[in-house]
Amino acid sequence: MPEIPLETRFSVLSQITRAQHFAWREAVHRMFPNADLAQLVNRMWEITGRQTAEAYARRVDVAKPIAAQVAQCIAWSSRCMGEDATVEESGGAVYVRHTDCPWFHWHKRLGLLAEDRPGCDAWFGATFDELGRRIGATISFETLESLPEGGACCLRR
């Protein structure tokens, strides 16, 4: 068999990771049919956010503007996972814009769009809370638009 290009392997691995998330969700549902799956999924994203904050804290220089650094961390890690993310600055505010996201497509295909934005918001909230605690800053966000709610993108300030 010919060697598989690195980009192809990474793309496949990313899809396998997402598939495992939804398989995990289904397994929990089968084993615990009365479990509140939305609450469970949000808790998983909160735990992931706290772990993400640990990585971001190593990259943030508290002597420099924090919002832009955090936005850059998010966009960088999002692009690593196959999401289309950019950072924009306007009027002193910093925005992260996701114009496409594989998680959105998975949620849509599986009929789980109601879990998409809440899961992302749970991740953002936990990431910012934990990162703020680690660097001694108050960090917050606001979701202004989201793909699962019919927006052209996911936009967070």
Side-chain angles (χ1 to χ4, degrees), residues 7 10-26 28-29 36-62 64-135 137-157:
E7 284 121 7
F10 183 76
S11 178
V12 169
L13 178 60
S14 293
Q15 292 295 62
I16 289 169
T17 300
R18 287 183 193 92
Q20 286 179 320
H21 165 79
F22 291 102
W24 162 83
R25 182 193 180 283
E26 183 179 336
V28 170
H29 179 63
D36 182 336
L37 289 179
Q39 183 179 8
L40 177 74
V41 168
N42 286 345
R43 180 61 49 99
M44 184 278 306
W45 285 118
E46 289 168 3
I47 292 167
T48 303
R50 287 194 298 274
Q51 293 171 344
T52 301
E54 182 179 344
Y56 287 1
R58 291 190 295 268
R59 301 179 63 94
V60 172
D61 180 349
V62 296
K64 296 179 180 176
I66 294 187
Q69 292 179 81
V70 173
Q72 289 295 341
C73 286
I74 292 166
W76 180 84
S77 60
S78 292
R79 288 190 303 268
C80 285
M81 293 183 289
E83 300 166 16
D84 185 4
T86 57
V87 174
E88 302 167 7
E89 295 189 47
S90 177
V94 181
Y95 301 85
V96 177
R97 180 185 302 271
H98 289 84
T99 56
D100 197 18
C101 176
W103 288 103
F104 164 69
H105 296 292
W106 275 83
H107 281 104
K108 185 176 181 180
R109 186 173 71 244
L110 297 173
L112 299 171
L113 272 181
E115 290 182 10
D116 191 287
R117 177 184 168 178
C120 287
D121 284 351
W123 177 85
F124 272 91
T127 299
F128 286 15
D129 288 348
E130 180 64 18
L131 179 59
R133 187 187 69 71
R134 287 174 178 266
I135 65 173
T138 300
I139 309 169
S140 62
F141 76 98
E142 178 184 14
T143 300
L144 303 172
E145 185 175 356
S146 76
L147 291 165
E149 294 170 338
C153 67
C154 289
L155 182 64
R156 291 179 172 87
R157 175 178 35 219

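Because the structure is a prediction, the values reported are computed rather than measured. When reading the values below, keep in mind they use all heavy atoms of this one structure, side chains included, and skip hydrogens, waters and symmetry mates.
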Ignoring hydrogens, what is the shortest heavy-atom contact between [X] and [Y]? Give both atom names and the distance.
X: Leu147; Y: Cys154; result: N-SG, 3.3 Å
X: Ala71; Y: Val94; result: CB-CG1, 3.4 Å
X: Ile66; Y: Ile135; result: CD1-CD1, 3.7 Å
X: Ala53; Y: Arg134; result: O-CD, 4.2 Å

Tell me, please, which residues at least two apart from Phe141 pass ring-ring contact (aromatic ring centres under 6.0 Å, His included).
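With neighbours one apart ignored, the set is Phe124, Phe128.
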ring-ring contact (aromatic ring centres under 6.0 Å, His included) with His21: which residues, sequence neighbours excluded?
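ring-ring contact (aromatic ring centres under 6.0 Å, His included) list for His21, sorted by chain: Trp24, Trp45, Trp103.
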Is the shortest heavy-atom distance from the side chain of [X] to the side chain of [Y] under 4.5 Å?
X: Glu83; Y: Arg79; value: no
X: Val87; Y: Tyr95; value: no
X: Leu131; Y: Val70; value: yes
X: Thr143; Y: Leu155; value: no
X: Val12; Y: Ile16; value: yes
X: Phe104; Y: Leu113; value: yes
X: Glu145; Y: Cys153; value: yes
X: Pro148; Y: His107; value: no

Considering residues at least two apart in sequence or located in another chain, which fulfil the salt bridge (charged side-chain N to carboxylate O under 4.0 Å, His left out) criterion with Asp129?
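Checked Asp129 against salt bridge (charged side-chain N to carboxylate O under 4.0 Å, His left out); zero matches.
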May I ask you to say whether Arg117 pairs ionically with Glu149, meaning some side-chain N is under 4.0 Å from a carboxylate O?
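Looking at Glu149 together with Arg117, the answer is yes, because their closest N to O distance falls below 4.0 Å.
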Should the pair Glu115-Arg25 be classified as a salt bridge under the 4.0 Å nitrogen-to-oxygen rule?
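Yes, charged N to carboxylate O under 4.0 Å.
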Decide yes or no on side chain to side chain contact (heavy atoms under 4.5 Å, CB included) for Arg156 and Cys120, but give the supporting numbers first.
CA-CA 11 Å; Arg156 291 179 172 87; Cys120 287; 3.4 Å; yes
How about His29: does its NE2 atom have over 12 heavy atoms from other parts shown lying under 6.0 Å from it?
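At most 12 heavy atoms, drawn from other residues, nucleotides or ligands, come within 6.0 Å of this atom.
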Gap between atom [atom2] of [Y] and atom [atom1] of [X] - 0.5 Å precision:
X: Asp84; Y: Ser78; atom1: CG; atom2: OG; value: 10.0 Å
X: Arg157; Y: Ser90; atom1: CZ; atom2: OG; value: 10.0 Å
X: Thr86; Y: Gln72; atom1: OG1; atom2: CD; value: 9.5 Å
X: Asp121; Y: Asp116; atom1: CG; atom2: CG; value: 9.5 Å
X: Leu40; Y: Asp36; atom1: CG; atom2: CG; value: 8.5 Å

Donor-acceptor pair, side chain of [X] and main chain of [Y], under 3.5 angstrom:
X: Glu54; Y: Arg50; value: no
X: Arg18; Y: Ser14; value: yes
X: Glu88; Y: Val96; value: no
X: Glu46; Y: Trp123; value: no
X: Gln69; Y: Lys64; value: yes

Could you please spell out the steps behind the side chain to side chain donor-acceptor pair (under 3.5 Å) verdict for Ser77 and Tyr56?
CA-CA 10 Å; Ser77 60; Tyr56 287 1; 2.6 Å; yes
Side chain to side chain contact (heavy atoms under 4.5 Å, CB included), that's the test. Do His105 and Asp100 meet it? Break it down for me.
CA-CA 9 Å; His105 296 292; Asp100 197 18; 2.5 Å; yes
